[in-house]
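Heads up, the thing below is written out as structure tokens.
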Amino acid sequence: EALNQEAFEELIEKTDFEFHTDYSLYKLLKNHFPDFHLYDVLEDFGTDITIQGKIRADEASAFCALINDLSNGRITVTTL
């Protein structure tokens, strides 16, 4: 029996990421999320905001650089 090709998702290499931001930068950073292929994004709102998820591996360095630039170097994205 032939397998239904539409049932399979393209295999994309992904990188886990995490960073912390304060509330004043949150909206600015979040506005750029649609520019990237992000997956399973979780946001934890506490004293500051912890954002974690997965990104396409080929976009990870550009994403990290953008977050760092938008925060004037205050935020460094950790990738795993």
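Residues take their numbers from the sequence shown, with the count starting at 1.
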Decide yes or no on side chain to side chain contact (heavy atoms under 4.5 Å, CB included) for L38 and F63, but give the supporting numbers first. CA-CA 10 Å; L38 303 178; F63 179 73; 4.3 Å; yes

Side chain to side chain donor-acceptor pair (under 3.5 Å) against N68, all qualifying residues, sequence neighbours excluded: none

Take L80 and F17 through the test side chain to side chain contact (heavy atoms under 4.5 Å, CB included) and record every step on the way to the result. CA-CA 6 Å; L80 308 170; F17 71 87; over 6 Å; no

Side-chain heavy atoms of V77 within contact of E18, under 4.5 Å: no

Please examine the side chains of K54 and T15, heavy atoms only from C-beta on, and report whether any two atoms are closer than 4.5 Å. no

Side chain proximity check, Y39 to I55, heavy atoms < 4.5 angstrom: no

As a test of understanding, state which of I51, D69, T21, L70 forms a side chain to side chain contact (heavy atoms under 4.5 Å, CB included) with I75. T21

Quick one, F19 with I67, criterion side chain to side chain contact (heavy atoms under 4.5 Å, CB included). Give me CA distance, side-chain angles, the key distance, then yes/no. CA-CA 9 Å; F19 65 93; I67 299 298; 4.3 Å; yes

Look at the aromatic rings of Y23 and F45 and report parallel, tilted or perpendicular, splitting at 30° and 60°. tilted

Going by an N to O cut-off under 4.0 Å, is there a salt bridge joining D22 and R74? yes

When you measure from the side chain of E43 to the backbone of I49, do you find a donor-acceptor pair of N or O atoms at a distance under 3.5 Å? no

Rounded to the nearest 0.5 Å, how far apart are OG of S24 and CG of D48? 11.0 Å

Min side-chain heavy-atom separation H37-E59 under 4.5 Å: yes

Check whether L28 and F36 end up in the same hydrophobic cluster, where Ile, Leu, Val, Met, Phe, Trp and Tyr are linked by side-chain heavy atoms less than 4.5 Å apart. yes

Can you measure from NZ (K14) to CG (D40) and round to the nearest 0.5 angstrom? 7.0 Å

